[in-house]
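Source: prediction; values computed, not measured. We name chains A, B, ... by the order of the sequence lines, and we start the count at 1 in each one. Any value given below was found using the heavy atoms of this structure, including those in side chains, with hydrogens, waters and symmetry copies removed.
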Amino acid sequence: MKIYNTMTRKKEEFVPVEAGKVKMYSCGPTVYNYFHIGNARPFLFFDVVKNYFRYIGYDVTYVQNITDIDDKIINKANEEGIPFEKVTEKYIKAFLDDIKALGIVGADIQPKATDVIEEIIAFIDKMVEIEAAYAVNGDVYFAVDKLPQYGSLSGRKLEDMQAGARIQENTQKRNPYDFTLWKASKPGEPKWDSPWGEGRPGWHSECVVMSCANLGETFDIHGGGIDLVFPHHENELAQAYAVNKKPLCNYWMHNGFINIEGEKMSKSLNNFFTLRDVLKKYDSEAVRFFFLSKHYRSPIDYNTGILDESEKAVKNFYKALEKVDYLSFADESYEVSDALVKFKDKFVKAMDDDFNSAIAIATLFDLAKIVGKASEDMQLRKDAAHLMVELGRVLGFFADIETKLSNDMNQISESLINLLITYRNDAKKDKNWVLADRIRDDLLALKVQLLDTKDGTVYKLL
RNA sequence: GGCGACAUCGCCAAGUGGUAAGGCAGAGGUCUGCAAAAUCUCCAUCCCCGGUUCGAAUCCGGGUGUCGCCUCCA
């Protein structure tokens, strides 16, 4: 198992802190809005990471935080003139609904920042105590100068950063790169008591507190979007070094960005799509296919055509399963036969190589080809179907296979269609092509497609 | 200015020294009253130049182009 580690900029063999166990953390949403497809990428990807580790036998603990106190949330609350809790309540629910709609199982532990304020205060207090941080007028800042390791994750040196960076003047800070740990509250803002007065925690401390509390001071994997490398993750790491004197985690994983039609997604360009809106038009598995068909570290371009293609591709998985009537034997046990073991190997090898999901998906197509091939041995086709579903589920596909494959047509309409097929066959016998075609076309308009096969006419619901 | 990523068939996308996976689209055959479906088959030498090597899409150098981070944006 190899993982690309942002810290070292190379693929490294994965060695867990504790044998047989994986402790992973990924940065969750700030709940002030519906999340967009860019946010969806890490949510989906790290869920697959978790699935895969479980699949190959690890005992996984996956923690993902919810940031429910933050400037953006306060701004939103002020805009709408409601308490910030109303904002977070609404968007936490939306977050949970949306990831579920995308087929994301979710984290084992999902702590909220406001649930651990006491712990965050204690953590910041410790930094002040050891002089890794300092308080000024009710604010607390982390002193980056004190930490020689600062910049090690993002590969920057403080000297380099100073040169051309556009950092707002903040005369309270000793170094412009000192970051806020605690922020004094203004009148009317949410606040908590602290040794430095009433205020609220900055963003960077909560993740350290929540990850270490649930996973230990050094855990295995910390994930998030590539943009979080600096400053967020750099700052998390800095705090962990300062207080625990050891690295926060052994492997830093970062997913690439999503562009829209070749341009950066941004609110000013108004070119972002919420997942919620995308799922109104496209099947969730098409979205999943879109993400997983490309390596997670690559930048990925979103455009309207790409999901159409993805949707067709996913449909072919189901077409193959329909051909063998998968549901009729889905519950039967099976073994990976000698003829199929190479596909499982290919899948595992691909995923072991820094989660190469593109090849993993190709394996699914390899299997779909066998499943759908009428000339193949039926037992082989069934076994291939089982394996295809087993592997597909690791990637999050086929979660709702019963619904997808079941024909919800009721008995009456089924017999009506068969009746019309009989009429059409009579018309064909009479060479009444006009009537025959009319029946076919009219049914097509009702989303019932007639197909003339060697064995007679069959129909398909579109 | 500093740091970094990427450039592979019409589109999406694997590949990290041994002679280009897969998907979508497309072409042809079979089947068919027509059509669709199904099925079989076909479909790239890897941005440019130079180097290393028996051998490079893969390594090195130089171009060109695209993009990202350095603004509490995943």
Q: Answer yes or no for this row: Phe257(A) ring on A74(B) base, centroids under 5.5 Å, planes under 30°.
A: yes

Q: Of the nucleotides G33(B), C73(B), G23(B), which has the atom closest to the Phe289(A) side chain?
A: G23(B)

Q: Write down the distance separating the C1' atoms in U58(B) and C67(B), rounded off to the nearest Å.
A: 22 Å

Q: Less than 5.5 Å between centroids and less than 30° between ring planes, does Trp433(A) satisfy that with G33(B)?
A: yes

Q: Give me the ring orientation class for Trp196(A) and Trp182(A): parallel if the planes are under 30° apart, tilted from 30 to 60°, perpendicular past 60°.
A: tilted

Q: Students often mix this up, so state it plainly: with edges at 30° and 60°, are the rings of Trp192(A) and Phe84(A) parallel, tilted or perpendicular?
A: perpendicular

Q: Closest to the Glu309(A) side chain: G22(B), C73(B), C11(B)?
A: C11(B)

Q: Distance between the C1' atoms of A21(B) and U45(B), in whole angstroms?
A: 15 Å

Q: May I ask you to verify if any side-chain N or O of Tyr177(A) is less than 4.0 angstrom from the OP1 or OP2 atom of U71(B)?
A: yes

Q: So, is Lys319(A) near the phosphate of A38(B), with a side-chain N or O under 4.0 Å from OP1 or OP2?
A: yes

Q: Starting the side chain at C-beta, find the nucleotide from A14(B), C12(B), C72(B) nearest to Ile306(A).
A: C12(B)

Q: Can you tell me, in whole Å, how much space there is between the P of C73(B) and that of G18(B)?
A: 42 Å

Q: Rounding to an integer number of angstrom, what distance separates G61(B) and C70(B) when you compare their P atoms?
A: 28 Å

Q: Can you figure out which of A74(B), C72(B), G15(B) approaches the side chain of Lys183(A) most closely?
A: C72(B)

Q: What distance, rounded to whole Å, do you find between the two C1' atoms, one in U16(B) and one in A20(B)?
A: 14 Å

Q: If only side-chain N and O atoms of Lys431(A) are considered, is one of them under 4.0 Å from the OP1 or OP2 phosphate oxygen of G33(B)?
A: no

Q: Nearest of G4(B), G22(B), C70(B) to any side-chain atom of Arg9(A)?
A: G4(B)

Q: Could you tell me how far G4(B) sits from C11(B) if I compare only their P atoms? Round to whole Å.
A: 31 Å

Q: Under 4.0 Å between a side-chain N or O of Asn356(A) and OP1 or OP2 of G15(B)?
A: yes

Q: From C-beta outward on Phe230(A), which listed nucleotide comes closest to its side chain: G22(B), C69(B), C72(B)?
A: C69(B)

Q: Side chain of Lys312(A), heavy atoms from C-beta onward: which of C24(B), C34(B), C72(B) has the nearest atom to it?
A: C24(B)

Q: Between A25(B) and C12(B), how far apart are the two P atoms, rounded to whole Å?
A: 15 Å

Q: Within less than 4.0 Å of OP1 or OP2 of U39(B), is there a side-chain N or O belonging to Lys323(A)?
A: yes

Q: Using 30° and 60° as the class boundaries, would you call the ring planes of His233(A) and His222(A) parallel, tilted or perpendicular?
A: perpendicular

Q: If the P atom of C59(B) is compared with that of A74(B), how far apart are they to the nearest Å?
A: 33 Å

Q: Should Lys460(A) be listed as having a side-chain N or O under 4.0 Å from OP1 or OP2 of A36(B)?
A: no

Q: Of the nucleotides C40(B), A74(B), C24(B), which has the atom closest to the Ala313(A) side chain?
A: C24(B)

